[in-house]
Amino acid sequence: MTLRSKRSAVCAESPTSSCGSTLSLSSILSTSPAKASVVSASSVSSKPIPIVAQKKHSTYVEKGQFHTWIGAMRAQSPPHILSLHSDTPDAFDLETAVHKSWLERHPSALSSFHKVIKNAHKKQIVVFLDYDGTLSPIVEDPERAFMSTEMRATVKDLASCFPTAVISGRSRSKVFDFVQLTELYYAGSHGMDIMGPAKSSDGFRVKGTKSRDKRGNDVVKFQPASEYLPVINKVCNALIESTKSIKGASVEHNKFCVTVHFRRVNEEYWEVLAERVQNVLKDYPTLTLTHGRKVLEVRPCISWDKGKAVEFLLKSLGYKDTGDVIPLYIGDDKTDEDAFKMVNRAKHGCSILVSSVPKPSDAKLSLQDPSEVMEFLRRLVRWKKWGLESRNSIQMGVYDFK
């Protein structure tokens, strides 16, 4: 949907909900709207990051509740749009007003660029990026979610200026194969599989396995859900077998989580797919089910998410004092909301949602699509590489970036 679209629409996506790194099934079944919580600004604690196992529970629900579940799947796949069933000027005006109101709460990061970097003098910007929908477009076939050559070059330049990490729901090895840049840090499985710097900081006691990356640098592999790998393997195989007869469904093994894609499944078969996923999971109380953009995701019941991954990497880099660092996170999915909340707690943290339609989010700023993400990242690089005079011009908004 754009402001020029003839068919008027109003966003009705269900808000995000989080329980550590996971959503309980009751969260999946809930579609009632609620306001995003307000996060106060405070420093990131230097205490060790706890890893708390969630209470075991069954993912089984009564058949009568499936209508609500399917509604939640629609709401996140992508943001559900309720049509006003009208092409009248009044309907168009309402659409425009809704979008304008949303942009007032989540201004464009491009038009607000001067605000992003106004506090960056003598501070370290650390950039965290989601992959699908942020660095690459959302595509029908998840195996073909390739980033453009231009985006790869932009991210490479970005990493030469700022510590940069990609945090994805994909497996770490798979997202590396997509990005193909050794200059970055990577966190796969929604932050449950991290390869970060070996540098430590006082008070940071989360242990990892030391190794070397492809460039010969010392790194630490941190996998808080490693004990769940055997059960994840079993569930993945069971889901592949259970869903193979549903046309368009695909199951992706992302190491510490399993993703069931239904983007290419006819909507009339969504309930069948949901039933089959539930039937597999009812015997695995240590796993939980979440949903995102045309996906159902199975994850371990531990309190770990993308926000915890951001905190881990910041501390590994030695930036426990958020007064000296500006964490910047860009993402497009509800799984990124935990990271938005985390960076919002930093004094000068910057959270940016990638979305072309209004939807509830804790992000402070917005970008419409990966092309705008690329332009924003290029501006960061230019601001960093050029001298003080150019930086002042950028802050004043008088420099032509095109």
Side-chain angles (χ1 to χ4, degrees), residues 1-2 5 7 9 11-14 28 69-83 129-152 155 166-180 188-190 236 239-255 257-277 289-299 330-336 353-359 367-374:
M1 180 189 76
T2 65
S5 62
R7 192 173 185 85
C11 175
E13 178 191 333
S14 62
I28 296 176
W69 190 354
I70 300 304
M73 289 166 68
R74 293 191 185 102
Q76 294 290 336
S77 309
H80 187 45
I81 303 299
L82 295 180
S83 172
L129 304 165
D130 182 29
Y131 182 75
D132 293 278
T134 299
L135 297 181
S136 72
I138 297 294
V139 294
E140 289 295 310
D141 184 356
E143 298 299 320
R144 301 189 61 80
F146 304 119
M147 65 192 301
S148 67
T149 302
E150 294 78 11
M151 179 66 88
R152 182 174 290 104
V155 175
V166 175
I167 303 179
S168 172
R170 305 264 193 166
S171 68
R172 180 168 51 84
S173 60
K174 187 170 292 184
V175 75
F176 176 83
D177 289 342
F178 276 128
V179 178
Q180 299 177 15
S189 305
H190 298 291
C236 183
L239 287 172
I240 290 173
E241 183 66 25
S242 177
T243 63
K244 66 181 182 181
S245 63
I246 300 177
K247 185 177 179 179
S250 64
V251 177
E252 183 179 11
H253 194 322
N254 286 312
K255 193 160 186 175
C257 60
V258 180
T259 304
V260 180
H261 297 270
F262 59 92
R263 182 172 297 278
R264 295 188 289 180
V265 176
N266 190 305
E267 189 170 331
E268 66 181 291
Y269 298 113
W270 285 10
E271 183 170 338
V272 175
L273 178 65
E275 285 183 2
R276 294 190 183 181
V277 171
L289 185 66
T290 65
H291 59 94
R293 297 181 65 176
K294 294 282 181 154
V295 298
L296 295 171
E297 292 190 303
V298 180
R299 302 195 220 172
I330 307 177
D332 77 307
D333 202 358
K334 66 176 300 184
T335 60
D336 299 305
L353 173 70
V354 183
S355 179
S356 60
V357 296
K359 60 180 181 179
L367 293 166
Q368 294 232 0
D369 51 40
S371 65
E372 287 200 354
V373 172
M374 183 165 65

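Remember, it's a predicted structure, so these values are computed and weren't measured experimentally.
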With a 4.5 Å cut-off on side-chain heavy atoms, are [Y] and [X] touching?
{"X": "Ile138", "Y": "Lys294", "result": "no"}
{"X": "Cys236", "Y": "Val251", "result": "yes"}
{"X": "Arg276", "Y": "Val260", "result": "no"}
{"X": "Val295", "Y": "Glu252", "result": "no"}
{"X": "Arg170", "Y": "Pro142", "result": "yes"}

Kindly give the heavy-atom pair with the smallest separation between [X] and [Y], and that separation in Å.
{"X": "Leu135", "Y": "Asp130", "result": "CG-O, 3.5 Å"}
{"X": "Tyr269", "Y": "Ile246", "result": "CB-CG2, 4.4 Å"}
{"X": "Pro370", "Y": "Ser136", "result": "CG-O, 3.7 Å"}
{"X": "Val175", "Y": "Ser168", "result": "CG2-CB, 3.9 Å"}
{"X": "Arg152", "Y": "Val179", "result": "NE-O, 2.8 Å"}
{"X": "Thr243", "Y": "Leu239", "result": "OG1-O, 2.7 Å"}

How many angstroms lie between atom [atom1] of [X] and atom [atom2] of [Y], to the nearest 0.5 angstrom?
{"X": "Leu353", "Y": "Gln368", "atom1": "CG", "atom2": "CD", "answer": "11.0 Å"}
{"X": "Asp177", "Y": "Arg172", "atom1": "CG", "atom2": "CZ", "answer": "11.0 Å"}
{"X": "Asp336", "Y": "Leu129", "atom1": "CG", "atom2": "CG", "answer": "10.0 Å"}
{"X": "Asp333", "Y": "His291", "atom1": "CG", "atom2": "NE2", "answer": "10.0 Å"}
{"X": "Leu273", "Y": "Glu275", "atom1": "CG", "atom2": "CD", "answer": "10.0 Å"}
{"X": "Met147", "Y": "Met374", "atom1": "CE", "atom2": "CE", "answer": "9.5 Å"}

May I ask you to say whether Asp132 pairs ionically with Arg293, meaning some side-chain N is under 4.0 Å from a carboxylate O?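 The answer is no: the pair does not qualify as a salt bridge.
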Can His190 and Thr290 be said to form a side chain to side chain contact (heavy atoms under 4.5 Å, CB included), step by step? CA-CA 12 Å; His190 298 291; Thr290 65; over 6 Å; no
Output all residues satisfying side-chain contact (heavy atoms from CB on, under 4.5 Å) with Ser171, sequence neighbours left out; order by chain, then residue number.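 side-chain contact (heavy atoms from CB on, under 4.5 Å) list for Ser171, sorted by chain: Ser173, Lys174, Asn254, Lys255.
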Output, in order, the C-alpha distance, side-chain angles, deciding distance and verdict of side-chain hydrogen bond (donor to acceptor under 3.5 Å, both in side chains) for Thr259 and Glu297. CA-CA 5 Å; Thr259 304; Glu297 292 190 303; 3.1 Å; yes
So Tyr131 and Phe178, would you call those rings parallel, tilted or perpendicular, with 30° and 60° as cut-offs?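 The rings of Tyr131 and Phe178 lie parallel, inter-plane angle below 30°.
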